Amino acid sequence: MSRYDFKNVEKKWRKRWEEKPVQQNTKDKPKYYCLDMFPYPSGSALHVGHWRGYVLSDVLSRHKVLQGFHVLHPMGWDAFGLAAENNAIKQKKHPSVSVAENITTMKRQLMEMGTIYDWDFEINTTDPAYYKWTQWVFARMFEHGLAYEQEMPLNWCPTCKVVLANEEAVGGVCERCKNPATKKNLRQWMLKITRYGERLLNDLGKLDWPEKVKKMQTDWIGKSHGAEIDFTVLGESDSIKAFTTRPDTLCGATFMVLAPEHPLVEKLTAPEYKDEVDAYVQRAASRSSVDRMADKEKTGVFIGRYAENPITKEKMPIWVADYVLYDYGTGAIMCVPGHDERDFAFAEKFGLPIVQVISTCALVGHKLKEAYTGDGILVNSGEFNGLTVDEAKKAIGAFLEKLGRGKATVNYKLRDWVFSRQRYWGEPIPIVHCEACGPVVVPDAELPIVLPDIKSYEPTDTGESPLAKIEEWVNTPCPKCKQPAKRETNTMPQWAGSSWYFLRYPDINNNDALASPEALRDWLPVDYYVGGIEHAVLHLLYARFYTKFLYDIGAVTFEEPFTTLFNIGMINYKGKKMSKGEGYGVSPDNVLPKHGCDALRLYEMFIAPPEIDCEWDDSGIEGVSRFLNKLWRLAESPKLIAPTNGLIRLRHKMVRDISTRLENLSLNTVVSGFMEHTNTLQTLAAEGIDRETIETLAVLLAPFAPHIAEEIWERMGNTDSVFAQKWPEYDPEMLKTDTIELVMQVNGKLRGHVTVPANAEKDFVLEEARKALASRLDGAEIIKSVYVPGRIINFVIKGQ
RNA sequence: GCCCGAAUGGCGGAACAGGUAGACGCAAGGGACUUAAAAUCCCUCGGUGGCAACACCGUGCCGGUUCGAUUCCGGCUUCGGGCACCA
């Protein structure tokens, strides 16, 4: 009996699979498209944290092969973008060089993991043949008015020297480097994702995605119902539009606030207040959003004008204050200090009137100590007194509409997507700026616009792309009027290539379309998508947006790209997040020589439920290594006997356990299930085990530990691959036993076990139990006897 | 601040649908085999009491529903995550 020689066995099977892939005769089988979020080769190597998702998708893919599906399980490289460029700068290498090196390493690692990626379908987003189509999608968006230029204050990361999309500047902090973002006025390309806000929200309901991710996208889109109210400015022709979710509180609106960036601030400010207002506006503009949010005290200044409350006709002083955001709603608000915490704080600080218009019994007649934001009945609201909040929303809405001073509206937090980047390493935006024609899209025949190969690609401080310096590339005739014109020098963001890549895999060499209609029909949408939670509102929102756009222009026939999404948990190491950037973490390259790839695969699953974040434990992998050795001793040269009833039942139980746990994606208990069954079989090994049990074990194990499974399968005398088999089924009838053991309780406490025939009647079972518990039940009054067939008996007694 | 999720031995975790809490593994301790080591095998391993059979307590805390609660309900505490002046 020898120790399991994982080195040679794994080498042998990887070579076999290379020569003869595990998927055969796939023509008539149903399709299954199982996809990993493709990695960006920004660091030199993958760590064991990345493996967790790749192992999961590999297990599912191999399982589907055994279940008779034709599986597409491809891999590629999201190789453009800031991370890859920063990494290249750090290494003092050209991005194309460092990316190619990183891809080589990562691909080797993925192959050593025994994954069934089909490398004939490899994608690289930096390949001009690929990004031709990334540019093509942009061109279509431009034609449909979804891509537009705008100069506006944008999130700017001074460290990365690049503008950030809203999704990349959550909390005012750069998503990549975590430094505070500032505002910078720049002309940028924007994508009108807001046009899709409602559909992006509604279609979440169709998706088999984790609730958490759906909720994050819902919150990000941030739909809220309310009213837009038009306030007359006294003595002026201009009026101020304000969005509110609480039109019911209109009679409590005692002042108004404009955002500092609001154009009416300059227009309306009374001359004697001008200096003070200008100073305030300038100060607000110079501060980062992080600073502005950090303010505990409300700030603001009166602009010397008044608006009129359309119901009460009271004069409402107009202020400017930076707690009002210019890019949400209308950038102006009606302030109801009685029923809004922020307005209350502002009113208290500046001595503005606070009027209560919503009341509960408890609140009537008391001066408000804080804003009351709850439900109640209208007071101090004239003809609307006595209405509930909900009734008043409708009634006041109708009143305003009749007056022509308001309408019901919906607002979203979702903003348009800042799409251009001031960096070298990205897809050139296929636009030419012509003095006569304006921005002109590059004709499809001229795509791809190839990224020029230049030496000096470092970012600039000015917000200008490094490409702007390459005159011979920048200067080009206008595609429309043929006059001298200039190319757009900004590039696309990291997300451009990854927003549609899943469409390309089935048809990677297509030069006439992003993919043929047949390939899309045969394979899309993705059935199962595996990746980390960090993309909940970035990549996943952008990919949904792209897909919906491509659906609208007839390029695809489905509206949602990913039917099912699985969020793989993160693996920490010594309490810290592993990173490929700093090389911190555990490399599979160090684990594989000692334990082998099957052991690492099993440990990735065994470590914790796959969706949970967990901690890498260096000694934990010993357990699965021991298991593989135990299994090998069991299956290497077993004493084969004819199947006994016990063995048959055991086999069916094994199939049931592994299958149901796998279906529930409880991969940690799948592994423990293999351990349990192997332990049980070990105790029977001396007596002998039947061939079918061992072969079934090999097939069940194949998706999880494919190398040892193939080896065992072959040692049993089989000449075909274990993956040419069918996933075993179990017969519930075979799991039944003649007798069953029941738990006995007295007053809910465990008091013993009793074995009865499986088909025994209730009365018989209770009588047996009563006899078995005689010493406890004698002399006591049995108030109730509970019998749950197959499970438990409980006597409720009085006395004792 | 608002929203969401979680809490089980020294550790990772298990418990189908309300029915034996702690599967499986790690670590630890003890033992067998061995000249020795590696490997393997066996035993112990939530707490308290007891020589023991056994008894009582025990799934973050308090309460409720139930014959029976880790599981359901109400109220807290702590930790993690998301958003954050979104009108």
Side-chain angles (χ1 to χ4, degrees), chain A residues 1-3 170-172 210-213 215-220 222-224 226-227 242-246 249 253 256-257 259 289 292-296 298 321-325 327-336 339-343 345-346 373 411-415 533 536-537 602-603 606-609 612-624 626-627 629-630 633 656-657 660-661 664 666 668-679 682 741-753 782-788 790-797:
Chain A
M1 204 179 278
S2 64
R3 188 165 162 71
V170 169
E211 286 308 315
K212 187 181 177 182
V213 176
K215 175 132 197 335
M216 282 167 73
Q217 292 211 354
T218 303
D219 290 350
W220 189 258
K223 181 180 184 177
S224 58
F243 172 73
T244 179
T245 55
R246 296 292 305 272
T249 63
M256 298 200 71
V257 174
S289 46
R292 271 164 73 160
M293 284 190 297
D295 279 347
K296 286 195 185 83
K298 294 268 179 293
D322 70 358
Y323 81 95
V324 174
L325 308 173
D327 56 359
Y328 180 78
T330 60
I333 60 169
M334 68 172 209
C335 298
V336 186
H339 305 287
D340 181 280
E341 285 166 23
R342 296 147 302 176
D343 297 347
F346 196 82
T373 55
N411 245 291
Y412 299 88
K413 288 191 202 176
L414 184 69
R415 312 289 152 77
I533 188 74
V537 287
L602 290 176
Y603 185 58
F606 189 58
I607 190 165
I612 302 280
D613 286 349
C614 62
E615 175 84 15
W616 180 265
D617 175 0
D618 287 310
S619 57
I621 195 171
E622 299 283 352
V624 290
R626 281 174 202 149
F627 157 69
N629 276 305
K630 214 180 272 188
R633 286 196 302 276
R656 183 199 60 185
D657 285 354
T660 54
R661 292 174 191 193
N664 295 331
S666 180
N668 53 329
T669 61
V670 165
V671 178
S672 66
F674 279 121
M675 289 170 169
E676 281 172 75
H677 286 292
T678 302
N679 287 342
Q682 192 71 60
E741 192 182 58
L742 291 168
V743 171
M744 298 189 296
Q745 296 184 333
V746 176
N747 288 344
K749 280 186 181 163
L750 177 67
R751 285 298 181 252
H753 299 88
I782 299 178
I783 300 167
K784 191 171 181 178
S785 303
V786 179
Y787 169 52
V788 183
R791 291 195 185 276
I792 206 160
I793 300 150
N794 189 14
F795 294 112
V796 187
I797 63 167

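Quick caveat: nothing in here was measured; it's all calculated off a predicted structure. Throughout, a chain's letter reflects where its sequence line sits, starting with A, and its residues are numbered from 1.
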Distance-only donor-acceptor test (3.5 Å): side chain A:K215, base B:C3
no
Between A:G673 and A:V537, whichever has its closest RNA chain B nucleotide further toward 5' is A:G673
Rounded to whole angstrom units, what separation is found between the CD atom of A:Q682 and the C1' atom of B:C41?
10 Å
Salt bridge (charged side-chain N to carboxylate O under 4.0 Å, His left out) partners for A:R415, two or more places apart
A:D327
Rounded to whole Å, NZ of A:K212 lies from P of B:C3 at a distance of 17 Å
For a quick check of understanding: with a heavy-atom distance under 4.0 Å over all strands, which category does A:K298 fall into, base, sugar-phosphate or nothing?
base
With sequence neighbours left out, the residues meeting side chain to side chain donor-acceptor pair (under 3.5 Å) with A:S224 are A:Y328
Pairwise 5' ranking along RNA chain B for A:V788 and A:M216, keeping only the more 5' one
A:V788
Least distance between heavy atoms, A:H339 atom then A:T249 atom:
CB-CG2, 4.3 Å
For A:I333 and A:D343, run side chain to side chain contact (heavy atoms under 4.5 Å, CB included): C-alpha distance rounded to whole Å, both residues' side-chain angles, the deciding distance at 0.1 Å, then the answer.
CA-CA 10 Å; A:I333 60 169; A:D343 297 347; 3.8 Å; yes
Taking side chain to side chain donor-acceptor pair (under 3.5 Å) as the test, write out the residues that go with A:K630, two or more places apart.
A:N679
Crowding at CD, A:Q682 (>12 non-hydrogen neighbours, <6.0 Å):
yes
Using the C1' atom on both, measure B:A15 against B:G29 and round to a whole Å.
28 Å
Can you tell me how far apart NZ (A:K413) and CG (A:L325) are? Round to the nearest 0.5 Å.
10.5 Å
Which one, B:A87, B:C24, B:C26, comes nearest to the side chain of A:S619?
B:C26
Taking atom OG1 of A:T218 and atom NZ of A:K223, what is their separation to the nearest 0.5 Å?
11.0 Å
In whole angstroms, the gap separating C1' of B:C4 from CH2 of A:W220 amounts to 17 Å
Sugar-phosphate, base or nothing in reach of A:V796, heavy atoms under 4.0 Å:
sugar-phosphate
Hey, does the side chain of A:D340 reach the backbone of A:C335 with a donor-acceptor pair shorter than 3.5 angstrom?
no
Distance, P atom - from B:A27 to B:G19, rounded to whole angstrom
33 Å
Distance check, C1' atoms only: B:G47 and B:C73, in whole angstrom units.
30 Å
To the nearest 0.5 Å, tell me how far A:K784 NZ sits from A:I797 CD1.
15.0 Å
In whole angstroms, how far is the C1' atom of B:C43 from the CG atom of A:N679?
16 Å
Nearest-Å distance, CD1 (A:I533) to P (B:C4)?
16 Å
State whether A:R626 places a side-chain N or O below 4.0 Å from either non-bridging phosphate oxygen (OP1 or OP2) of B:A39.
no
B:U77 and B:U65, which share atom name P, separated by this distance in whole Å:
24 Å
If we ignore angles and hydrogens, is there a donor and acceptor under 3.5 Å between the side chains of A:D617 and A:Y603?
no
Once Watson-Crick and G-U wobble pairs under 3.5 Å are found, how is RNA chain B written in dot-bracket notation, 5' to 3', with | for any base paired to another strand?
(((((((..(((......[....))).(((((.......))))).((((....))))..(((((..]....))))))))))))....
Taking only the side-chain nitrogens and oxygens of A:Y323, find out if one of them lies under 4.0 Å from OP1 or OP2 of B:A87.
no
Between B:G13 and B:C26 - C1' atom distance, rounded Å:
11 Å
Closest to the A:V170 side chain, choosing from B:A87, B:G19, B:A84:
B:A84
Within this structure, what is the CD-to-P distance between A:E211 and B:C3, rounded to whole angstrom?
18 Å
Taking the same atom, P, in B:A21 and in B:G12, what whole-Å distance lies between them?
23 Å
When the distance from CZ of A:F346 to P of B:A87 is rounded to whole Å, what number comes out?
18 Å
Distance check needed: B:G25 C1' versus A:F627 CZ, whole Å only.
12 Å
Kindly point out which of B:A87, B:C67, B:A23 is positioned nearest to the side chain of A:F243?
B:A87
Cation-pi between A:K298 and A:Y323: NZ/CZ under 6.0 Å from ring centre and within 45° of the ring axis?
yes
Going 5' to 3' along nucleotides 52-60 of chain B, which nucleotides have protein heavy atoms under 4.0 Å from the base (write B), which only from the sugar-phosphate (write S), and which from neither (write -)?
---SSS---
Nearest-0.5 Å distance that lies between atom CD in A:Q745 and atom CG in A:L750
6.5 Å
Which letter, B, S or -, goes with each nucleotide of nucleotides 7-17 of chain B from 5' to 3', with contact meaning a protein heavy atom under 4.0 Å?
-----BSS-B-
For residues A:M216 and A:A536, report the shortest heavy-atom separation together with the two atoms involved.
CE-CB, 3.6 Å
Any idea if B:G9 is syn or anti, going by the 90°-from-0 cut?
syn
Using atom C1' of each nucleotide, how far apart are B:U34 and B:A38 to the nearest Å?
10 Å
Mind checking the P distance from B:C76 to B:G68? Whole angstroms is fine.
26 Å
